[in-house]
Engineer: 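Pasting a structure here, questions to come.
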Amino acid sequence: VKIVALCGGVGGSKLITGLHLEFPDDTLAVIVNTADDVILHGLNISPDLDTVMYTLAGSSNPNTGWGLEGDTFHGLEMMRTYGHDAWFKIGDRDMVTHLLRTAQLAAGGTLTSVTADLAQRLGVGRTILPMTNDRVVTRVRTRGGWLDFQDYFVRRGHTDRPLAVEHVGAAQASPTPQVLDAIAEAGIIVAAPSNPVVSIGPILTIPRMLDAIRDAPAPTVAVSPIIGSRSVTGPADALMQAVGFEPTVAGLAEMYKPWLDTLVVDSRDINRAGEIESLGLISKATDTLMPDVAAKRRLARFVVEAAR
Ligand code: FO1
């Protein structure tokens, strides 16, 4: 069966690993958020694309989930020597990914062609699909004004209370043909437990993406990144409130209702199944934390079985 996953960065990549290992003979395509992308030191950086690519290559830093395992940061030290504020920690090997992406984009490549080239050279057989080749950037409004996503998330450590979120450029963006083909041909569409607002959200905000998913024959399943009323990691709860949704599995069900069939929640939220089903969704509960590979594979199998 063709498994198509919607994914952002670190949290979602855990499930991608599970799907990759548990279903080696099925085709897996990962549609990845690009609204976290940032241009720093003149380099085109696509954090979510790189996190998924490095994760599927088995090379991602196990402690952070992003960047390359064993990478060094001499380049960053030199950046500081030149007096530049190196707040976004780019490793020396990671830097080459950004250099090559920047060069290939400047030479007329698309984010899709560049990603396919880099992933293939890293031996990543799975298909990593940027959601769009167009520029979409998430900004977060805080009391001090609008912040670019990485400023909000990394530079300021998502400590500012988010008041609003926008995905600049989304309305003018198009899903890539490869993305539309993957959705149309999917046997199952899985939304990984990524941030619903700034990782899954931008993907669905692109015109025609929602219709493509709704028109697709494949059943849709999502894993909640929220347990109780808190995000497992990161600011998903605060961001959901910023866009007017209760930071609970019921709020998530409300948010995903337009396109979702089945919501997989953590066992601790089993008592909210009724609310989710009253919204017209199927609710399934299991342990959704993924502390190790076995848990990632187990959840991946649970999700695919839930879709059947
Ligand atoms: N996240 C951080 O919290 N701090 C960093 O310094 C950082 C650097 C970084 C470099 C390359 C890359 O691909 C990702 C990086 N991330 C860093 C993660 C990234 O900001 C987030 O994972 C995503 O943007 C959120 O989905």
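Residue numbers run from 1 in the order of the sequence given. Order of appearance sets the numbers: ligands from 1, and atoms from 1 within every ligand.
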Engineer: By the ring pair (Phe, Tyr, Trp, His ring centres under 6.0 Å) test, which pairs, at least two apart or in different chains, include something from residues 248-301?
Structural biologist: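 Of all non-adjacent pairs touching residues 248-301, those that pass ring pair (Phe, Tyr, Trp, His ring centres under 6.0 Å) are Tyr256-Trp259.
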
Engineer: Just list the N/O pairs, ligand 1 to protein, that are under 3.5 Å apart, with the distance for each.
Structural biologist:
residue  : atom   : partner : partner atom : Å
ligand 1 : 1 (N)  : Trp66   : NE1          : 3.4
ligand 1 : 6 (O)  : Lys89   : N            : 3.0
ligand 1 : 20 (O) : Gln150  : OE1          : 2.9
ligand 1 : 24 (O) : Asp36   : OD2          : 3.0
ligand 1 : 24 (O) : Gln150  : NE2          : 2.8
ligand 1 : 26 (O) : Asp36   : OD2          : 2.9
ligand 1 : 26 (O) : Asp48   : OD1          : 3.0

Engineer: Tell me whether Ile128 shares a hydrophobic cluster with Ile16, the cluster being built from Ile, Leu, Val, Met, Phe, Trp, Tyr side chains joined at under 4.5 Å.
Structural biologist: yes

Engineer: Which of parallel (below 30°), tilted (30 to 60°) and perpendicular (above 60°) describes Tyr152 and His158?
Structural biologist: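 Tyr152 and His158: tilted rings.
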
Engineer: Output yes when Arg208 and Asp211 qualify as a salt bridge under the 4.0 Å nitrogen-oxygen rule, no when they do not.
Structural biologist: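 No.
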
Engineer: For a quick test of reading the model, state the closest non-hydrogen atom pair linking Leu163 to Thr142 and the distance between them.
Structural biologist: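 It is CD1-C, 3.7 Å.
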
Engineer: Less than 4.0 angstrom from a charged side-chain N to a carboxylate O is my criterion; do Arg80 and Glu77 meet it?
Structural biologist: no

